[in-house]
Student: 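Just passing along the structure, written as structure tokens.
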Amino acid sequence: MKSSVTIEEFLKKQQDCASKAILEGNPKVELFGGLDLTFESPYKTPTRAWACLVVFDGKRVISKTIVEGVVKTPYIPGLLAMRELELMLKAFEKSNIKPDILLIDGHGQAHPRLCGIAMHIGQELDIPSIGVGKKLLVGEFSYPAPRRGAFESIIYKSRVVGYALRTKEGVKPVFVSAGHKVSHAFALELTLSLCKYRIPEPIRLAHLNLKKLR
DNA sequence: GCGACAG
DNA sequence: ATCTTGTCGC
Ligand SMILES: [Mg+2]
């Protein structure tokens, strides 16, 4: 059996994670990983779930890895990692090809305790990571101009914790924040470079693969 | 106490 | 997060 972590314990883990945050770095990366999950019964717990890791080289998909598992924790805002981290790590471990950086469907530092799921994953694997959320969890921002590449800071407790980025002309922005060993500026530029549509290709393709699977 | 709240 | 075709708009 695997000792189930309590909310209290996980909150401590997040404090620890935030205290060890490394939010700087402009790593040379060539293989980009994208991670996402899908659930058999999203409103029930426990439920069967699958995680997918897509490794993209900027042009082609180098590998896709899907793993199945049982998720026992319900979704609680601020505790997404409690629900999705394990399966994501499992997918990474199973993959023979390891990306140089991970893009996660969720936030990095833009989090109530400055420790979103992207930061957890980056630290656990010690590889650069970036959080890309479709909706904001905490903080304030102004809508960036409609042109692709326009961005505005996400301010939380008087500091910049990420950016609202327009990844496609005239389409809703995404919220990018550094997770591990990258700066927010690096996260912004890399994310934009990987966007053909609103969502960066690695994450978009991971999501699509899971959608076909069910 | 009320409202907001990644996926 | 998931159920789903067409439809409207950039
Ligand atoms: Mg997701």
Side-chain angles (χ1 to χ4, degrees), chain A residues 7 10-11 13-14 17-18 21 34-53 66 68-91 102-122 129-141 143-150 154-157 161-180 184 187 191 195-200 202-204 206-214:
Chain A
I7 289 180
F10 203 85
L11 288 174
K13 179 176 181 174
Q14 294 195 320
C17 184
L35 276 168
D36 192 23
L37 260 67
T38 192
F39 303 86
E40 184 171 59
S41 306
Y43 297 116
K44 291 185 177 180
T45 295
T47 179
R48 197 147 62 133
W50 295 265
C52 177
L53 167 64
I66 291 180
E68 180 183 317
V70 175
V71 168
K72 297 162 185 169
T73 313
Y75 165 68
I76 301 171
L79 295 176
L80 176 66
M82 236 185 124
R83 178 171 166 85
E84 302 194 347
L85 184 58
E86 266 196 32
L87 260 193
M88 284 188 175
L89 291 174
K90 187 176 176 182
L102 282 174
L103 284 86
I104 308 298
D105 184 24
H107 297 294
Q109 194 196 23
H111 177 276
R113 289 166 292 283
L114 307 179
C115 177
I117 189 168
M119 190 176 290
H120 279 290
I121 291 187
S129 66
I130 295 170
V132 182
K134 297 178 288 295
K135 296 191 300 186
L136 202 56
L137 175 59
V138 295
E140 300 181 342
F141 75 103
Y143 275 89
R147 300 65 94 166
R148 174 187 154 95
I154 297 171
I155 306 296
Y156 180 58
K157 291 183 174 176
V161 297
Y163 296 104
L165 170 67
R166 196 79 70 171
T167 53
K168 184 173 167 60
E169 171 95 36
V171 170
K172 288 194 301 181
V174 295
F175 303 91
V176 182
S177 61
H180 186 58
H184 287 304
T191 296
C195 286
K196 183 176 179 185
Y197 304 105
R198 181 184 180 224
I199 306 298
I203 295 177
R204 192 181 71 87
H207 186 77
L208 277 181
N209 278 302
L210 291 169
K211 193 170 183 179
K212 293 175 188 171
L213 178 152
R214 49 188 351 275

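Chain A is the first sequence line, chain B the second, and so forth, proteins listed ahead of strands; every chain is numbered from 1. These values consider heavy atoms only, across backbone and side chains, with no hydrogens, waters or symmetry-generated copies.
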Student: Do the side chains of A:K13 and A:H120 get nearer than 4.5 Å, heavy atoms only?
Tutor: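 A side-chain contact under 4.5 Å exists here.
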
Student: Tell me, do A:Y163 and A:P173 make a side-chain contact under 4.5 Å, heavy atoms counted?
Tutor: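 A:Y163 vs A:P173: side chains apart.
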
Student: Calculate, to the nearest 0.5 Å, the distance between atoms CE and CG belonging to A:M88 and A:L37 respectively.
Tutor: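 The CG atom of A:L37 is 5.0 Å from CE of A:M88, to the nearest 0.5 Å.
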
Student: When rounded to the nearest 0.5 angstrom, what is the spacing between NZ in A:K135 and NE2 in A:H107?
Tutor: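 Rounded to the nearest 0.5 Å, the NZ-NE2 separation comes to 9.5 Å.
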
Student: Looking only at side-chain N and O atoms, does A:T38 come under 4.0 Å of OP1 or OP2 in C:dT2?
Tutor: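 Result: yes.
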
Student: Convert the base pairs of DNA chain B into dot-bracket notation, remembering that pairs crossing earlier ones are written with [ ] and that bases paired across to another strand are shown as |; include only Watson-Crick or G-U pairs under 3.5 Å.
Tutor: .......

Student: In B/S/- notation, 5' to 3', how is nucleotides 1-7 of chain B contacted by protein heavy atoms closer than 4.0 Å?
Tutor: ----BBB

Student: When rounded to the nearest 0.5 angstrom, what distance separates NZ in A:K134 from CD1 in A:I203?
Tutor: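 Spacing of NZ (A:K134) from CD1 (A:I203) equals 7.5 Å.
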
Student: Go through it in stages, so that I can follow the logic: the residues are A:I199 and A:V174, the test is side chain to side chain contact (heavy atoms under 4.5 Å, CB included), and I'd like the CA-CA distance, side-chain angles, deciding distance and then a yes or no.
Tutor: CA-CA 8 Å; A:I199 306 298; A:V174 295; 4.1 Å; yes

Student: Please list each protein N or O that sits under 3.5 Å from an N or O in nucleotides 8-10 of chain C, with the distance.
Tutor:
none

Student: Any chance you could measure A:L53, atom CG, to A:L87, atom CG, to the nearest 0.5 Å?
Tutor: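 Answer for the CG-CG pair, A:L53 versus A:L87, is 12.5 Å.
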
Student: If you count every heavy atom of other residues, nucleotides or ligands that lies below 6.0 Å from A:E140 atom CD, does the total exceed 12?
Tutor: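 No.
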
Student: Using a 3.5 Å cut-off on both pairing distances, which stems of three or more Watson-Crick or G-U pairs include DNA chain C?
Tutor: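 Paired runs of 3+ in DNA chain C: none detected.
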
Student: A:D36: what forms a side chain to side chain contact (heavy atoms under 4.5 Å, CB included) with it, not counting sequence neighbours?
Tutor: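 Testing A:D36 for side chain to side chain contact (heavy atoms under 4.5 Å, CB included), a comparison that skips the adjacent residues, returns A:D105, A:A206, A:H207, A:L210.
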
Student: Using 0.5 Å steps for rounding, measure from the CD atom of A:E86 to the OG1 atom of A:T73.
Tutor: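 The OG1 atom of A:T73 is 8.0 Å from CD of A:E86, to the nearest 0.5 Å.
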
Student: Atom CZ of A:R48 and atom C1' of C:dA1: how far apart are they, to the nearest Å?
Tutor: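 Answer to the nearest Å: 17 Å.
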
Student: Between A:L165 and A:P144, is any pair of side-chain heavy atoms under 4.5 Å apart?
Tutor: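 They are not in contact (no side-chain heavy atoms under 4.5 Å apart), so the answer is no.
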
Student: Report yes if some heavy atom in the side chain of A:R147 is under 4.5 Å from a heavy atom in the side chain of A:R166; otherwise report no.
Tutor: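 A side-chain contact under 4.5 Å is absent here.
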
Student: Applying side chain to side chain contact (heavy atoms under 4.5 Å, CB included), can you list everything that pairs with A:L11, at least two apart in sequence or on another chain?
Tutor: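 By the side chain to side chain contact (heavy atoms under 4.5 Å, CB included) rule, A:L11 matches A:I7, A:Q14, A:L79, A:R113.
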
